[in-house]
A.B. asks: 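Let me begin by handing over the structure; questions about it come next.
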Amino acid sequence: MNSKSDSTPYNAPKHEKKWQKLWEDKKLYDINLKNKKKPYYNLVMFPYPSGDKLHIGHWYNFGPADSWGRFMRMQGHNVFEPMGFDAFGLPAENYAIKTGIPPAASTAKNVEYMVKQLKALGAMYDWSQTVNTSAPEYYKWTQWLFLQMYKRGLAYKKKSPVNWCPGCKTVLANEQVHEGVCERCKREVSKKDLAQWFWKITDYADKLLDYEGLDWPEKTITMQKNWIGRSEGVNIDFPLADEEGVLTCYTTRPDTIYSVTFIVMAPEHPLVKKFIKGTKYAENVKEVASKIRKQTDIERTSEGGKDKLGAFLGKYAINPVNGEKIPVYIANFALMYGTGVVMADAHDQRDFEFARKYKIPLKFVISEDGKPHDPKDANEAHVADGILFDSEKFNGMNNRKALPKMADFLEKKGMGKKTVNFRLRDWLISRQRYWGAPIPVINCEKCGEVPVPEKDLPVVLPRIKDYKPKGKAPLATSAAFMKTTCPKCKGRATREPDTMDTFVCSSWYFLRYPCAHLKSKPFDKEALKAWSPVDMYIGGPEHACMHLLYARFVNKVLFDADLIAHKEPFKRLIHQGMVTKDGAKMSKSKGNVVSPDSFVEKYGSDVFRMYLMFMGPFTQGGDWNDKGITGVARFVQKFWKVVTGPSLSRISPDTRGLVHRTIKKVTGDIEAMQFNTALAALMEFMNAASKEGLDEKSKKIVVQLIAPMAPHLAEQLWSELNGLKPSARTWTSVFDAKWPKFNEKFTAQETIQLVVQVNGKVRGTVEAASDVSKEDALKLAYMQENVQRFLEDKKVVKEIFVPGKLVSFVVKG
RNA sequence: GCCGAAGUGGCGGAACCGGUAGACGCGCACGACUCAAAAUCGUGUUCCUGUAUGGGAGUGAGGGUUCGAUUCCCUCCUUCGGCACCA
């Protein structure tokens, strides 16, 4: 039994600060990148240095991610765990507009504070290899990346609409537009065409659909696949009725071709202007088109959303299969996807609603039984599959079966061409904003668009006074920045004033971490071989379709350019859940951002991160409250008391069994990232150990087991158990000790409880040897008094025995 | 609208591959220690019924498969996340 020793309680803040300093002084986590023995690259998505500083959401993410890294280190891996800052972006710029404080200054201040917070977390970050995307030595290489894209024809300029506030005379981000009005001046936001830079991610659509060898959540892969949106269809040519020319419609449903009674076009389609020029339809079409342009894509296309909106263009086309003359409209639900022209019929709900609104005739060609029916009395589209009618030689066929045959038929007749389309659009990378990496392009009066030579990088982001975008990028107002000479002809030229999307900065940072010390190149192919791809990547699921797709795209381009040797950036991916406050996402505007600082100060980092882990499964997230934190604090004190208390010379077989079962459970749970149940197992263990007591050996084991989750506590106890001060020459870290192994011989229980059921209901339990035979188990079960009561006057028709689990009787009568 | 995820005690959650639902923790109740409080320790804690052995109900709702369903299938409801200039 444990004597009632008056051991002093564990003073977390004191010990934590001590160990953080010692780890730093000993450079325990600055790993040797040239050591290629079992390299393991453990990465979390880097934070944005916002004025909110690190909130508990970051801790929820970074704590377990670090525990994972420490666990892998204790498995004998050389774990590289870097940390940095995704420092460019809109909030710093908005803050500058409001306060006049330059983004560089506010960002530097936030970074400084957040580094302090991150150090208080006590993670094993290798600060010798850090990254700040807003530093010239980093964005120099972001600009270099742009040049690589440009060189390969993957960067191009095109006119594209932006959100435009006529009140503020500025370009707005989507998040600055609420319900169609500017969040600042509340005036209605319109669209404005500007020349913008794009990266041709669509060239990689097919390659991006290959997920071979990736250990990613299935739902993330599905989300990306849907985002890329590969669809097989047919481009069908509809000749114009009274003039030369064709309208090419993209459809995935050629089986409905005989029901097509009109055509709708995206209002943005270049032919629209030509069609209405000088006609009596022009005025109405223009008016409707401008209304549509104010709607978002979601409003335009959603079935339950806004009303269908459109206008007749005064043109007719010919349905190639039956020669019918059909009208052409613009419609809000037609987007510039595919060809921007859509054949419309009674088998699509949107088309149907549109036709009813504009009194366009409709006809059905599919019914349940193949009997013709008329849409006259229908009040919705017939979207279900069925049997075709009024479709000439396809009559009587199931429409899904007919679909490929009709595609072949159209192609053979020269009316159409089978086509693959992607929903994925090219990546718009230019921003009319200040706080980003300038696009390294020069516009020369003579030579036109000229990329900045690599040797002239970086194109330094200058300090300016006015950060407000005014239709042009803020940099355009800086004469000193804009004025330059053309690298080709040495004549007068101006710089490109747009900056790059911050997603460009974050699309390659994982390549920079292991190479952050290199001055003359962004990364080194040979050096990266040991550190690529990233072994474990942890971050929020909201990045599924953007950051994670962009990073894969960039990685694949660099691979094709033979600049790196790996096809995919992230081998394994895990998404942490989201932490909410009172059910709402934490945000400054809601004023519900919870800071970890006071909790860390009071309870220590170990308790705080363990509490966040104990909340529930890492991938699930949850609503924040601090009610249960005392439970974890109590557990830490109990852990301390038991391990620093007197040691037994030997433990009982029961305790030994418990030790081995706990090793098994904790190891398996951490491997599965189930930190909550790993902690529960350790709590259970301590509840027993505080009664029974432990010997030196089992104390060391349990200290190792908790080490990934409570690094400071474990390091302190490890040091005490070994009787070595950190100053001692023979001192070693618990994180360099080998992870304990369990022995199956000891984990097995000798006797088990068998459940006895009658007709599926539990009627008793019996104690039996764990390897009990069916006969013996049945015998024991029949002997149970309560079981007998339920078997009386009944006939047992079936006896079921599940080894190690239960006996079940099925009775009748 | 489209895509994705989730619904279990007063609360956070646990339950391997279909086999005792509620581990672990919070909270609460009672008790021990104390002049007292805090801390700590012990006992109990899904609901109904019963002194108790026991019995009945129960994992968002309804149905199905099965000796047996939180787990598998179908229908529905609710909540949350993403939707391309927030990162």
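Chain letters run A, B, ... following the sequence lines, proteins first and then strands; every chain starts at 1. No hydrogens, no waters, no symmetry mates; every other heavy atom, side chains included, goes into these values. The shown structure was predicted, so the numbers you read here are calculated from the model rather than taken from an experiment.
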A.B. asks: Answer yes or no: does a side-chain N or O of A:K585 lie under 4.0 Å from OP1 or OP2 of B:rG82?
C.D. replies: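 Checking B:rG82 against A:K585, a side-chain N or O does come within under 4.0 Å of OP1 or OP2.
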A.B. asks: NA contact type, A:E218, heavy-atom cut-off 4.0 Å: base, sugar-phosphate, or nothing?
C.D. replies: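 Here A:E218 touches no strand at all.
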A.B. asks: Assess whether atom NZ of A:K200 is packed by more than 12 heavy atoms of other residues, nucleotides or ligands within 6.0 Å.
C.D. replies: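 Incorrect, the count does not exceed 12.
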A.B. asks: What's the closest nucleotide to the side chain of A:T630 if the choices are B:rC26, B:rA57, B:rG55?
C.D. replies: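 Looking only at side-chain atoms, A:T630 lies closest to B:rC26.
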A.B. asks: When the P atoms of B:rG9 and B:rC2 are compared, how many Å lie between them, rounded to an integer?
C.D. replies: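 Going atom to atom, P in each nucleotide, I get 30 Å.
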A.B. asks: How close or far is atom C1' of B:rU20 from atom CZ of A:F801, stated in whole angstroms?
C.D. replies: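 Rounded to whole Å, this separation is 16 Å.
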A.B. asks: With a cut-off of less than 4.0 Å, is there a side-chain N or O of A:R431 near OP1 or OP2 of B:rC85?
C.D. replies: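 Yes, because at least one side-chain N or O of A:R431 sits under 4.0 Å from OP1 or OP2 of B:rC85.
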A.B. asks: Once you apply a heavy-atom cut-off of 4.0 Å, does A:S808 come out as touching a base, just sugar-phosphate, or nothing?
C.D. replies: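 The answer is base, as A:S808 lies within the cut-off (heavy atoms under 4.0 Å) of a base atom.
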A.B. asks: Considering only side-chain heavy atoms of A:R763, which listed nucleotide, B:rG55, B:rC24, B:rU20, is closest?
C.D. replies: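 Selected nucleotide: B:rG55.
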A.B. asks: Expressed as a whole number of Å, how far does the C1' atom of B:rU45 sit from that of B:rC26?
C.D. replies: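 Approximately 13 Å lies between the C1' atom of B:rU45 and that of B:rC26.
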A.B. asks: Examine B:rG82: is either OP1 or OP2 under 4.0 Å from a nitrogen or oxygen in the side chain of A:N226? Give yes or no.
C.D. replies: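 No, because none of the side-chain N or O atoms of A:N226 sits under 4.0 Å from OP1 or OP2 of B:rG82.
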A.B. asks: Give me the distance, rounded to whole Å, that separates B:rC11 from B:rG1 when you measure between the C1' atoms they each carry.
C.D. replies: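 It comes out at 36 Å once rounded to the nearest Å.
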A.B. asks: With heavy atoms under 4.0 Å as the rule, sort A:M578 into base, sugar-phosphate or nothing.
C.D. replies: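 Touches sugar-phosphate only.
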A.B. asks: Taking B:rG63 as the reference, what is the distance to B:rU53 when you measure between their C1' atoms (whole Å, please)?
C.D. replies: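 Per the computed distance, 37 Å lies between those C1' atoms.
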A.B. asks: Could you measure between the two P atoms, the one in B:rU79 and the one in B:rC85, and give it in whole Å?
C.D. replies: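 Nearest-Å result for B:rU79 against B:rC85 at atom P: 29 Å.
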A.B. asks: Quick check on RNA chain B: between A:F503 and A:T222, whose nearest nucleotide comes earlier from the 5' end?
C.D. replies: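 Whichever sits nearer the 5' end wins; that is A:T222.
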A.B. asks: Sticking with atom C1', work out how far B:rG25 lies from B:rA14, rounded to a whole angstrom.
C.D. replies: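 Taking atom C1' in both B:rG25 and B:rA14, they lie 11 Å apart.
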A.B. asks: Does A:E542 reach a base, just sugar-phosphate, or nothing at all? Heavy atoms under 4.0 Å.
C.D. replies: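 Touches a base.
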A.B. asks: Taking the side chain of A:W227 as heavy atoms from C-beta outward, which of B:rA84, B:rC67, B:rC86 is closest to it?
C.D. replies: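 Closest of the options to the side chain of A:W227: B:rA84.
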A.B. asks: Just by modelled atom types, is the A:N61 backbone N or O under 3.5 Å from a matching donor or acceptor in the A:Q576 side chain?
C.D. replies: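 Not confirmed, A:Q576 side chain does not pair with A:N61 backbone.
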A.B. asks: Other residues, nucleotides and ligands only: do more than 12 of their heavy atoms fall within 6.0 Å of NZ on A:K157?
C.D. replies: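 Yes, because the 6.0 Å sphere around NZ of A:K157 holds more than 12 heavy atoms from other groups.
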A.B. asks: Rounded to the nearest angstrom, tell me the gap between atom NZ in A:K761 and atom P in B:rG55.
C.D. replies: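 For the pair A:K761 NZ and B:rG55 P, the rounded distance is 10 Å.
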A.B. asks: What class does the angle between the rings of A:F599 and A:Y603 fall in, given that below 30° is parallel, 30 to 60° is tilted and above 60° is perpendicular?
C.D. replies: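 A:F599 vs A:Y603 ring planes: parallel.
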A.B. asks: Starting at CZ of A:F790 and ending at C1' of B:rU53, how long is that distance when rounded to a whole Å?
C.D. replies: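 One finds 12 Å between C1' of B:rU53 and CZ of A:F790, rounded.
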A.B. asks: Pick base, sugar-phosphate or nothing for A:F809, based on heavy-atom distances below 4.0 Å to the nucleic acid.
C.D. replies: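 Result for A:F809 = nothing.
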A.B. asks: Searching all strands shown, indicate the nucleotide that pairs with B:rU53 (Watson-Crick or G-U wobble; both distances under 3.5 Å).
C.D. replies: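 Looking at the geometry, B:rU53 pairs with no nucleotide.
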A.B. asks: For the side chain of A:K691, counting heavy atoms from C-beta on, which of B:rC67, B:rG42, B:rC86 is nearest?
C.D. replies: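 Closest nucleotide among those given: B:rG42.
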A.B. asks: Can you check nucleotides 5-14 of chain B for protein contacts, nitrogen or oxygen pairs under 3.5 Å, and list what you find?
C.D. replies:
unit_1 : atom_1 : unit_2 : atom_2 : d
B:rG12 : O2'    : A:M615 : O      : 2.6
B:rG13 : OP1    : A:Q620 : NE2    : 3.1
B:rG13 : O5'    : A:M615 : O      : 3.3
B:rA14 : OP1    : A:N676 : ND2    : 3.0

A.B. asks: What does A:F333 touch in the nucleic acid at a heavy-atom separation under 4.0 angstrom: a base, only the sugar-phosphate, or nothing?
C.D. replies: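 No contact at all - A:F333 keeps every heavy atom at 4.0 Å or more from the nucleic acid.
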A.B. asks: Check the surroundings of atom CD in A:E785: do more than 12 heavy atoms from other residues, nucleotides or ligands lie under 6.0 Å from it?
C.D. replies: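 No, CD of A:E785 has 12 or fewer neighbouring heavy atoms, counting only those of other groups under 6.0 Å.
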A.B. asks: The side chain of A:N759 is closest to which nucleotide in this list: B:rC67, B:rU20, B:rC24?
C.D. replies: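 Of all the options, the side chain of A:N759 is nearest to B:rC67.
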A.B. asks: Would you say the side chains of A:T677 and A:D669 form a donor-acceptor pair under 3.5 Å?
C.D. replies: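 Indeed, the side chains of A:T677 and A:D669 share at least one donor-acceptor pair under 3.5 Å.
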A.B. asks: Output, in order, the C-alpha distance, side-chain angles, deciding distance and verdict of side-chain hydrogen bond (donor to acceptor under 3.5 Å, both in side chains) for A:E353 and A:Q349.
C.D. replies: CA-CA 6 Å; A:E353 283 170 24; A:Q349 188 59 26; 3.1 Å; yes
A.B. asks: Is any side-chain N or O of A:R634 closer than 4.0 Å to OP1 or OP2 of B:rC41?
C.D. replies: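 No, no such contact exists.
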A.B. asks: Rounding to a whole Å, what distance do you find between A:L428:CG and B:rA84:P?
C.D. replies: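 Distance check: A:L428 CG to B:rA84 P gives 12 Å.
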A.B. asks: Expressed as a whole number of angstroms, how long is the span from A:I221:CD1 to B:rG82:C1'?
C.D. replies: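 Taking CD1 of A:I221 and C1' of B:rG82, I get 17 Å after rounding.
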A.B. asks: What is the nucleic acid contact for A:H543, judged by heavy atoms within less than 4.0 Å: base, sugar-phosphate only, or nothing?
C.D. replies: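 Base contact.
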A.B. asks: From CZ of A:R789 over to P of B:rG56, roughly how many Å is that when rounded to an integer?
C.D. replies: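 Those two atoms, CZ and P, are 9 Å apart.
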A.B. asks: Closest to the A:K805 side chain: B:rG19, B:rC85, B:rA84?
C.D. replies: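 For the A:K805 side chain, the nearest candidate turns out to be B:rG19.
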A.B. asks: The side chain of A:R433 is closest to which nucleotide in this list: B:rA87, B:rC3, B:rC85?
C.D. replies: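 Of all the options, the side chain of A:R433 is nearest to B:rC85.
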A.B. asks: Got more than 12 heavy atoms from elsewhere within 6.0 Å of NZ, A:K357?
C.D. replies: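 Yes, NZ of A:K357 has more than 12 neighbouring heavy atoms, counting only those of other groups under 6.0 Å.
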A.B. asks: Which nucleotide, B:rG25, B:rC86, B:rA84, lies nearest any side-chain atom of A:R425?
C.D. replies: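 Nearest listed nucleotide: B:rA84.
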A.B. asks: Calculate the interatomic distance between A:M709 atom CE and B:rC24 atom P; express it in whole Å.
C.D. replies: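 One finds 17 Å between P of B:rC24 and CE of A:M709, rounded.
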A.B. asks: Could you give the CD-to-C1' distance, from A:Q757 to B:rA69, as a whole number of Å?
C.D. replies: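 The distance from CD of A:Q757 to C1' of B:rA69 comes to 12 Å, rounded to the nearest Å.
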A.B. asks: Can you list the steps and then say if A:F675 with A:M673 is a side chain to side chain contact (heavy atoms under 4.5 Å, CB included)?
C.D. replies: CA-CA 6 Å; A:F675 300 102; A:M673 289 233 153; 4.2 Å; yes
A.B. asks: In whole angstrom, give me the gap between the C1' atoms of B:rU70 and B:rA6.
C.D. replies: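 Each nucleotide's C1' atom is 13 Å from the other's.
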A.B. asks: For B:rG18, which nucleotide is its Watson-Crick or G-U wobble mate, given both distances must be under 3.5 Å?
C.D. replies: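 Check on B:rG18: unpaired, no WC or wobble geometry under 3.5 Å.
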A.B. asks: Between B:rG81 and B:rC76, how far is it from one P atom to the other, in whole Å?
C.D. replies: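 B:rG81 and B:rC76 have their P atoms separated by 24 Å.
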A.B. asks: Just checking A:Q432: base, sugar-phosphate only, or nothing, at a heavy-atom cut-off of under 4.0 Å?
C.D. replies: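 Base, at least one base atom sits under 4.0 Å.
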A.B. asks: Does a salt bridge link A:D501 with A:R431, judged by any charged N lying under 4.0 Å from a carboxylate O?
C.D. replies: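 Salt bridge flag = yes for A:R431 with A:D501.
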